[in-house]
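Working notes for the structure below.
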Number of protein chains: 2
Amino acid sequence: MADRPRGDSNKPITILHVARAAGVSKTTVSRYLSGQYHLLSEETRQKIESAIAALDYRPNQMARGLKRGRSGLVGMVVADIANPFTVDVLRGVEDECKRCSMNVLLCNTGNDPEQEREYIFMLQAHRIDGLIINTTGQNNAFLKALAHDRTPIVLMDRKVPALPFDTVCVDNRQATRAGLMHLLEQGYRRIAWFTEPVDGISSRAERVGTYRRVMEQHTKGGTDDVFVVNVRVPGEVETALATFLSKAAGEAPAVCCANAVVALRVVEGLNTLGVRVPEDVGLVSFDNPDWAGLVCGGITAIEQPTYALGVTAMRRVWARMQAPQEMPPELIELPARLVARGSTVRAAIRPESG
Amino acid sequence: MADRPRGDSNKPITILHVARAAGVSKTTVSRYLSGQYHLLSEETRQKIESAIAALDYRPNQMARGLKRGRSGLVGMVVADIANPFTVDVLRGVEDECKRCSMNVLLCNTGNDPEQEREYIFMLQAHRIDGLIINTTGQNNAFLKALAHDRTPIVLMDRKVPALPFDTVCVDNRQATRAGLMHLLEQGYRRIAWFTEPVDGISSRAERVGTYRRVMEQHTKGGTDDVFVVNVRVPGEVETALATFLSKAAGEAPAVCCANAVVALRVVEGLNTLGVRVPEDVGLVSFDNPDWAGLVCGGITAIEQPTYALGVTAMRRVWARMQAPQEMPPELIELPARLVARGSTVRAAIRPESG
DNA sequence: TTGTACGCGTTATCAG
DNA sequence: CTGATAACGCGTACAA
């Protein structure tokens, strides 16, 4: 790897310089760059190869993209990059992008529709070849316009019925049911659902909905212990927990958290209140963050196939890029996996309490 | 926001369509797009504005970039996106990018020099206007070549003396010293340093180095309890912990972790071994992950100014983009903040043990 | 197997 | 204030 093989002229190296250096035309070099080796003599190929190496030439993607009508860029618009769920999906997307020689343009909206709109605007300007989006659901017209340009769009984690796009997410009904059934099997009877405001976000809605349905089937009173909390307001989670626990005292209570962000606050709250897990209350959470094993004797987790979600979403984008013919939009729901840990081991505490 | 204001022709809208619709030349439209309003009559401005809105026109960044010689893209090459430290820095970079109307091209190398090289190659092809990199340090020639194209490069978190680039990182000496002095003040006497392999990574090296220096000054024996662990090998951390704790029994031991990834495993290991914090051992960690407050009575943390690192790095890139004249490369070290929590409260346990 | 010539969509230069 | 025209770097008919 020579340090600075090119001359000291500060002019960027173009395909023309390579052509001259190799003693061929730029067309020939272009063919080499596109991998059309069958159109080149071995000798020519060699000459071009060394010329490129000697000049340290990099094809200009902007020029390339302008001409070919493809940027090589995929937009990834996420609601909250601080959420480990998002990061894991992103890893999947990125790894899959490598295989297609694509790059990821990352946009974090913070769940703000206006931010989202601005980002979509910029991504359109960059002529992204595909978009994977965790949308607020407030910019459907923008998204439809993008799709009209034949840009493949995949909704991730959040469904929007109004949009005719591929959607990749976890099977929220199966996942939620798995967590709740586990709690019931462990002997917990009064189960609360802690969630952030639903706000039309499909994953949150589906989870609460399933919670209600399962609880209706499996408990007598049909109690509806849904607690909607704003995790950024200090004390809100504690208040909710206290309310629930006083109502549910003696009824074998458990808490189910709709995601890891909520779970973090719930564990904090339980610590603050001096409530023990699983002795005083059972605990299950969606997502399986790296710290889940460290607290409450290990939190029983409903683990989403995050990485696979990312890979799948990107594959979908890629597939549509290759095959522009009309494929009907597809809903892909991946199964979750229950990771049982100490936070739901009610049996183990029976001897002490009974 | 009309749904599809353009005609049904699938041709992309260009500046020419806008020009025609507004009854002006494309030059004039281009002026509007660049915000050179002082060169436009109010009437013309209005006409262009409505034409753009009516046609739902998006300027093509590839064409724009090709002509102007700037892509509007910043490369962000990170060693490990799964590390919350990285994510927080990224957030800072991205937020700062918004202010400059730039976008982030994200590349996760997994600490693999070859991956890094491939990514740098792709970024060069996209003609990124700047690069923020958490480098393995194995691709210096590539980076120098990029810099020769006058692309601003900022090293983040990891210094490379061989490279004449701006560098933004935490003040590792101050930070490490703060953590250790806190432990000493709390009465801990035998302090171990748990780190991932140094591997020429400056931040890791500076931290261990400072550890050695501080320990030399403040302890008699000059014991050198550095434990290098591979966090991906199960049991390695446990073994190291057991070794240390048996050697240090009765000497008021404490463990200091070089980052949150190590801390996670250390907490796991201590749980496995049945060692209590802070009763049996004190604990301090670099980084302040969201779960730090949940375990060991709260882990005392050496909090890095992650978000600020990202903002600062991007500002630096932007500054160099505006002012191409030679500025000498600068080293910017931001201070860390010690967040004292329960994991180092040795005083509180005195009454019980003494 | 190789080269010529044109256009992708935009901005810069220059002339009005 | 406005417009014609030439690039920017590359891919691709088409011709040789």
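All chains are named by letter (A, B, ...) in the order of the sequence lines, taking the proteins before the strands, and each is independently numbered beginning at 1. Quick note: numbers below take in every heavy atom, side chains included, and nothing from hydrogens, waters or symmetry partners.
A straight line from NE2 of A:His126 to P of C:dG9 spans 17 Å, rounded to a whole angstrom. Counting to the nearest Å, the C1' atom of C:dC8 and the CZ atom of A:Arg70 are 15 Å from each other. Remark: P of C:dT10 and CG of A:Leu66 are 9 Å apart, rounded to the nearest angstrom. One interatomic measurement links the two molecules: CG of B:Leu16 to C1' of D:dA4, which rounds to 13 Å at whole-angstrom precision. Going from atom OH of B:Tyr32 over to atom P of C:dT11 covers 13 Å, rounded to whole Å. Following rounding to the nearest Å, A:His17 (NE2) and D:dC8 (P) show an atom-to-atom distance of 10 Å. Atoms CD1 (A:Ile15) and P (D:dC8) sit 14 Å apart, rounded to a whole Å. A:Gln61 has its CD atom 13 Å from the C1' atom of D:dG11, to the nearest Å.
Atom CG of A:Asp129 and atom CZ of A:Arg127 lie 11.0 Å apart (nearest 0.5 Å). In this structure, CD1 on B:Ile153 lies 14.0 Å from CZ on B:Arg316, to the nearest 0.5 angstrom.
Relative to the ring axis of A:Phe142, B:Arg58 places its NZ or CZ within 45° and under 6.0 Å from the centre.
Contact between the side-chain N/O atoms of B:Ser25 and the OP1/OP2 oxygens of D:dG3 is found at a separation under 4.0 Å. Dashed line: the shortest gap from a side-chain N or O of B:Thr28 to OP1 or OP2 of D:dG3 is under 4.0 Å.
Shown here is A:Glu42, whose CD atom has more than 12 heavy atoms of other residues, nucleotides or ligands within 6.0 Å.
Side-chain N or O atoms of B:Ser34 include one that pairs as donor or acceptor with a backbone N or O of B:Ser30 at under 3.5 Å. A donor-acceptor pair under 3.5 Å is absent between the side-chain atoms of B:Asp88 and the main chain of B:Thr306, judged by distance alone.
If you check every strand for non-hydrogen atoms under 4.0 Å, A:Val24 touches sugar and phosphate atoms only.
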Polar pairs (N or O, both sides) under 3.5 Å between protein and nucleotides 12-16 of chain D?
residue	atom	partner	partner atom	Å
D:dT12	O4	A:Thr27	OG1	3.3

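Counting only heavy atoms from C-beta on, B:Ser41 has its side chain closest to D:dC1 among D:dC1, D:dC10, C:dG9. Between C:dT2, D:dT2, C:dT10, one nucleotide has an atom nearer to the side chain of B:Ala63 than all others, and that is C:dT10.
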Tell me, with the steps shown, if A:Glu96 and A:Arg99 meet salt bridge (Lys or Arg N to Asp or Glu O under 4.0 Å). CA-CA 5 Å; A:Glu96 190 60 26; A:Arg99 300 195 190 101; 2.2 Å; yes
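With DNA chain D read from its 5' end, the first of the two nearest nucleotides for A:Arg64 and B:His38 is the one closest to B:His38.
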